[in-house]
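This report refers to the structure that appears directly beneath it.
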Protein chains: 2
Amino acid sequence: MFRASGGAIDQNGVIMESLPLVTASPAPVERADAARNRLRILQAAAELFAERGVEHVSMDDVASRAGVGKGTLYRRFGDKAGLALALLDEQDRVLQEQMIRGDAPLGPGAPPRERLYAFGEAYLDFVARHGQLLSMAADLGGLNGSPPWQLYRTHLVVLLSEAAPDADAEMGAEFFLDVLNPCAYVRRIDQGFSHDRLVRGWRQLVDGWLDAALRGAPAAASTS
Amino acid sequence: MFRASGGAIDQNGVIMESLPLVTASPAPVERADAARNRLRILQAAAELFAERGVEHVSMDDVASRAGVGKGTLYRRFGDKAGLALALLDEQDRVLQEQMIRGDAPLGPGAPPRERLYAFGEAYLDFVARHGQLLSMAADLGGLNGSPPWQLYRTHLVVLLSEAAPDADAEMGAEFFLDVLNPCAYVRRIDQGFSHDRLVRGWRQLVDGWLDAALRGAPAAASTS
DNA sequence: CACCATAGCGGACCCTAGTCCGGTTGCAAT
DNA sequence: ATTGCAACCGGACTAGGGTCCGCTATGGTG
């Protein structure tokens with residue numbers, strides 16, 4: 001289920017190895033006991049979350065099932081959100097890979113508008129599959145600003161800039177990520193919105209924003 | 001600073017009196033001691049929040065400053081978010097009043113698009129003034145679904161339906177409220193976005209969504 | 001192989017949100 | 001005024017997230 005990530009490892013075990021990594025720091029090799037414990041923790045957490053649902057698992061539970069002290073847990077993962085994000089790391093990488101090097105329209109090659117559609121759909125699927133974990137991380141304030149989140153944000157900024165060079169792409173990305181927020185997704189599903197309806201909403205949002213940007217932005221941007 | 005609300009009182013002291021109120025329940029008059037304590041609590045909370053900032057005030061602090069047990073606090077306000085919302089109650093009513101009966105373009109009389117612009121600006125101003133309280137309430141999960149929030153949501157649904165009868169107004173309202181979320185506002189301000197920039201973003205979002213809805217919706221709606 | 005510096009460990013501890021329940025107080029009807 | 005009852009009060013208690021710091025195991029070094 002979980003494999004030790006092969007490359008360089010940062011605090012939370014996220015990303016890193018995909019970058020050139022020419023850092024000056026002398027490759028902080030992970031000690032053997034640390035690695036063992038990390039695996040045990042991830043395993044324990046995955047089991048417990050699967051058994052009782054994310055809501056009903058405390059950090060103490062995870063620590064004791066992993067046979068590890070609480071301090072260890074927090075040393076390796078920072079906080080509960082960090083643990084959740086670490087559990088999603090693999091899946092996150094898959095999505096990132098598809099975005100960056102995968103096939104069009106999610107990957108490069110398609111026009112920006114198509115890639116935006118595809119990104120939203122892929123992300124909403126991702127949220128649909130991992131809603132519990134993601135919305136817990138978001139609730140705890142650990143999602144926004146996390147490395148994967150920053151990558152998604154950058155991706156959106158790039159696509160929006162391509163599609164509408166004169167628009168405020170950063171703000172567009174912010175708004176779009178608000179709308180894709182896992183908590184909001186879960187809330188809406190509970191409220192009776194269908195996944196498809198949310199996807200349609202996303203496409204319409206993208207369409208609207210892009211058209212408004214293409215039409216209105218040149219004038220607005222020149223005045224700012 | 002705080003006045004006792006004159007009319008009927010619901011659990012959190014929110015809204016109510018603006019409705020016709022033909023309820024069958026025999027007007028649950030508030031007991032004198034209860035009213036006294038409620039005022040003392042609100043006063044104490046307002047003082048403490050002003051002194052140290054919302055983040056650094058615990059419910060125990062509020063209770064002890066108010067000279068009241070913790071149980072009383074929770075009985076009257078439900079939870080910390082409820083307390084925050086109660087503190088904003090007056091301000092909330094003002095905004096609601098302006099939306100419903102105030103001058104155009106925020107109030108009735110202006111075309112829906114203008115009212116949407118105005119609503120966003122008014123709400124963002126509101127958030128700018130009460131960001132701490134609001135984002136705490138939002139963090140705690142007590143904002144979405146609260147009576148004021150529902151009213152704002154309904155307002156948006158109505159305006160969106162008027163402006164684009166065939167579009168998915170409910171979803172639009174959901175998305176728009178995500179974007180106006182106080183936590184997001186505060187985060188962006190901290191990140192260097194100016195208030196004006198956010199307002200411009202809002203207008204562009206509204207423009208885009210409405211145009212996309214007017215253009216694309218009739219076809220899309222007939223197929224759904 | 002013996003030693004040492006240090007990353008890593010673990011569980012006692014703190015803080016705060018939220019619950020519970022026995023005692024108290026206000027209100028209305030007699 | 002008295003009494004019954006319900007709402008109300010308050011503070012002890014629980015639970016869970018997160019911190020701290022003395023101890024230990026690890027892996028490099030002489």
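Below, chains carry the letters A, B, ... as their sequence lines are ordered, and counting in each starts from 1. For the numbers below, each heavy atom of this structure counts, side chains included, while hydrogens, waters and symmetry mates do not.
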Decide, yes or no, whether a salt bridge links B:Asp168 with A:Arg200 under the criterion of side-chain N to carboxylate O below 4.0 Å. no

Salt bridge flag under 4.0 Å for residues A:Arg65 and A:Glu51: yes

How do B:Arg36 and B:Ala81 order along DNA chain C: which one's closest nucleotide is nearer the 5' end? B:Ala81

Nearest whole Å is fine: how far is [N] [atom2] from [X] [atom1]?
X	N	atom1	atom2	value
B:Tyr74	D:dT14	OH	P	17 Å
B:Arg75	D:dA6	CZ	C1'	10 Å
A:Leu73	D:dC20	CG	P	17 Å
A:Arg76	D:dG18	CZ	P	18 Å
A:Met136	D:dG16	CE	P	14 Å
B:Leu140	C:dT16	CG	P	14 Å
A:Lys80	C:dT16	NZ	P	20 Å

What nucleotide, of D:dG18, C:dG10, C:dA17, holds the atom closest to the side chain of A:Asn37?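 From the listed options, C:dG10 comes nearest.
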
For residues 32-59 of chain A, which residue pairs qualify under ring-ring contact (aromatic ring centres under 6.0 Å, His included), counting only residues two or more places apart or in two chains?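 Matches after skipping sequence neighbours: none remain.
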
Could you give me the CA-CA distance, side-chain angles and deciding distance for B:Leu134 and B:Val186, then say whether side-chain contact (heavy atoms from CB on, under 4.5 Å) is met? CA-CA 10 Å; B:Leu134 282 167; B:Val186 171; over 6 Å; no

With a cut-off of less than 4.0 Å, is there a side-chain N or O of A:Thr72 near OP1 or OP2 of C:dG10? yes

Near DNA chain C, under 4.0 Å by heavy atom, which residues of residues 53-70 of chain A? A:Val68, A:Gly69, A:Lys70

May I have the step-by-step check of side-chain contact (heavy atoms from CB on, under 4.5 Å) for A:Leu85 and A:Phe77, ending in yes or no? CA-CA 9 Å; A:Leu85 256 23; A:Phe77 299 103; over 6 Å; no

In this structure, are over 12 heavy atoms from other groups packed under 6.0 Å from B:Glu55 atom CD? no

